[in-house]
2 protein chains.
Amino acid sequence: MADTGSGPGSPAPRKRADARRNQEILLEAAAAAFVASGVDAPVRDIAAKAGVGVGTIYRHFPTRADLVVAVYRHQVEACAEAGPALLADADSPHTALTRWIDLFVDFLVTKHGLAEALQSDDAAFATLHAYFLDRLVPVCAELLDAAARAGRIRSDIQALELMRAVGNLCIGAGKDPSYDARRMVGLLLAGLRLH
Amino acid sequence: MADTGSGPGSPAPRKRADARRNQEILLEAAAAAFVASGVDAPVRDIAAKAGVGVGTIYRHFPTRADLVVAVYRHQVEACAEAGPALLADADSPHTALTRWIDLFVDFLVTKHGLAEALQSDDAAFATLHAYFLDRLVPVCAELLDAAARAGRIRSDIQALELMRAVGNLCIGAGKDPSYDARRMVGLLLAGLRLH
DNA sequence: TTGCCATCCGGAACGTTGTTCCGTATCGTC
DNA sequence: GACGATACGGAACAACGTTCCGGATGGCAA
């Protein structure tokens, strides 16, 4: 899945130099295009910006989602790793959960169209969907569980469901100044509390 | 906006018979296509199902949104009219608000892709956006206001913002059995309550 | 009834997307 | 220096929304 070169000893036959260079250039061009036009920037535009043919994109990133995942992998990792850290530092599991959701929302809101793509049933985004869920749902589940055990929130909500709801609420954020996704997510979390 | 023939005495020069017939056929075909494939069923498919050329669709419904609006106008009207009725009947404004949101959610959830289209920034859906907002936001505002005055919910939420949030939460409902939009909307409303 | 013209229809054609495919160029090695 | 594996470029294809215009057709006037 667009592996940038992980564990040694793997049977990876070491790619050609131009291939590695192009992959790097593509990642930068894609990142720039995503900032400028959102995650569904036309493939041709990204290719042009990178000075590369469209075929090259598809060889390195078989689906659009692979490209998106590769571009945002670092930030998703950071978000995933922040979960346990927050749980350890915050003065309550509920605070940790709130803070973590804030992190997630910030991430989504600052990436044009990412939230949309995340919910899209377009086959091209299946990998994206899978990656986010695999990486973040367990983290969310841990936080949710801790908060539930502390008796602060209802315990009948699944992490997957909560994350989808949060992701959905982030759709369209930044396009309309009168819609504040963060506030709406805050409301959702407030609805989760027992009182 | 796809007027089906409203007030008499209007300067409407009475359309030709075949035009009126085709408009009717088109509405039925579109309704069927929307049920089968969602509101973004290919225009060509709708035309074919209606036994009509694509040009005919665009003459009657200049944009995709006009077609969608025409198909669902009755139901949107019904939803809008239910607002004041609920406010009069229910034992509290808060109950009325909850019931009305339920109605709205039911409507969105049963129409494949409607919620998605509603948030899309695609220019083709601008009319749809405008119609829903014009028609439903005032109703929601009235309910919200009544509930706020009764002191049951926070008063710092705009109707527009709430409706967008609810609409967003309905995205993707029915595709994934593990995601229950109604439940999530319930959570959001719970977060609105003062306690 | 007939004829005429405004109105409306059908579908070809255009522009934009994602995606595939293959002849050609390049890299790395022997 | 030559050769095979690898990678590249961009033409080509398919699916979509949308526009456009030659031809058909409905309604009215004579």
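Every chain is numbered from 1 and lettered A, B, ... according to where its sequence line falls, protein lines coming before strand lines. Computed from a predicted model, the values in this text were never measured in an experiment.
In the helix from dT1(C)-dA30(D) to dC30(C)-dG1(D), the end axes, each obtained as the rotation axis mapping the C1' atoms of four pairs onto the next four within a five-pair block, lie 20° apart to the nearest 10 degrees.
Between dC8(C) and Asn22(B), no contact under 4.0 Å exists linking OP1 or OP2 to a side-chain N or O. For dA7(D), the OP1/OP2 oxygens have no side-chain nitrogen or oxygen of Thr56(A) closer than 4.0 Å. Of the side-chain N and O atoms in Arg44(A), none sit less than 4.0 angstrom from OP1 or OP2 of dG18(C).
For the salt bridge (charged side-chain N to carboxylate O under 4.0 Å, His left out) condition, the pairs that include at least one residue of residues 124-139 of chain B, sequence neighbours left out, are Glu77(B)-Arg135(B).
Formation of a donor-acceptor pair under 3.5 Å by the Trp100(A) side chain with backbone atoms of Cys79(A) is found in this model.
Closest-nucleotide positions on DNA chain D for Asp45(B) and Gly51(A) were compared, and the one nearer the 5' end corresponds to Gly51(A). The 5' end of DNA chain C is approached more closely, in terms of each residue's nearest nucleotide, by Val52(B) than by the other of Val54(A) and Val52(B).
Taking atom CD1 of residue Ile57(A) and atom P of nucleotide dT17(C), one finds them 13 Å apart after rounding to whole Å. Straight-line distance from the CG atom of Leu67(A) to the C1' atom of dG18(C): 13 Å, rounded to whole Å. To the nearest angstrom, C1' of dT18(D) lies 12 Å from CG of Asp122(B). Protein atom CD1 of Ile25(B) is 14 Å distant from nucleotide atom C1' of dC8(C), rounded to whole Å. Whole-Å rounding puts the His60(B) NE2 to dT18(D) C1' distance at 16 Å. For the pair Ile46(B) CD1 and dG11(C) P, the interatomic distance rounds to 17 Å; values are reported in whole Å. As rounded to whole Å, 9 Å separates atom C1' of dG9(D) from atom CZ of Arg59(A). Arg64(B) has its CZ atom 7 Å from the P atom of dT18(D), to the nearest Å.
Using a 4.0 Å cut-off between charged side-chain N and carboxylate O, Asp45(A) and Lys49(A) make no salt bridge. Ion pairing between Arg64(B) and Asp40(B) fails under the 4.0 Å rule for side-chain N and carboxylate O. Ionic pairing of Lys111(A) and Glu116(A) is not present here: no N-O contact between side-chain nitrogen and carboxylate oxygen is shorter than 4.0 angstrom.
Separation of atoms CG (Leu114(A)) and NE2 (His112(A)) is listed at 11.0 Å; rounding is to 0.5 Å. Atom CD of Gln23(B) sits about 4.0 Å away from atom NZ of Lys15(B), to the nearest 0.5 Å. Leu169(A) CG to Ile171(B) CD1: the interatomic distance, rounded to the nearest 0.5 Å, is 9.5 Å.
Contact annotation for Ala47(A): no contact, since no heavy-atom pair falls under 4.0 Å across all strands.
Proximity note for Ala19(A) (side chain, C-beta onward) versus dA11(D), dT18(D), dA7(D): the nearest is dA7(D).
Using bins of under 30°, 30° to 60° and over 60° for the plane-to-plane angle, the ring pair Phe132(B)/Phe104(B) lands in the tilted bin.
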Which pairs, protein N/O on one side and nucleotides 26-30 of chain C N/O on the other, fall under 3.5 Å?
residue : atom : partner  : partner atom : Å
dT26(C) : O2   : Arg16(A) : NH1          : 2.9
dT26(C) : O2   : Arg16(A) : NH2          : 3.1
dC27(C) : O4'  : Arg16(A) : NE           : 3.4
dG28(C) : OP1  : Ala17(A) : N            : 3.0

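The side-chain heavy atoms of Phe34(B) and Val68(B), taken from C-beta on, include a pair separated by under 4.5 Å.
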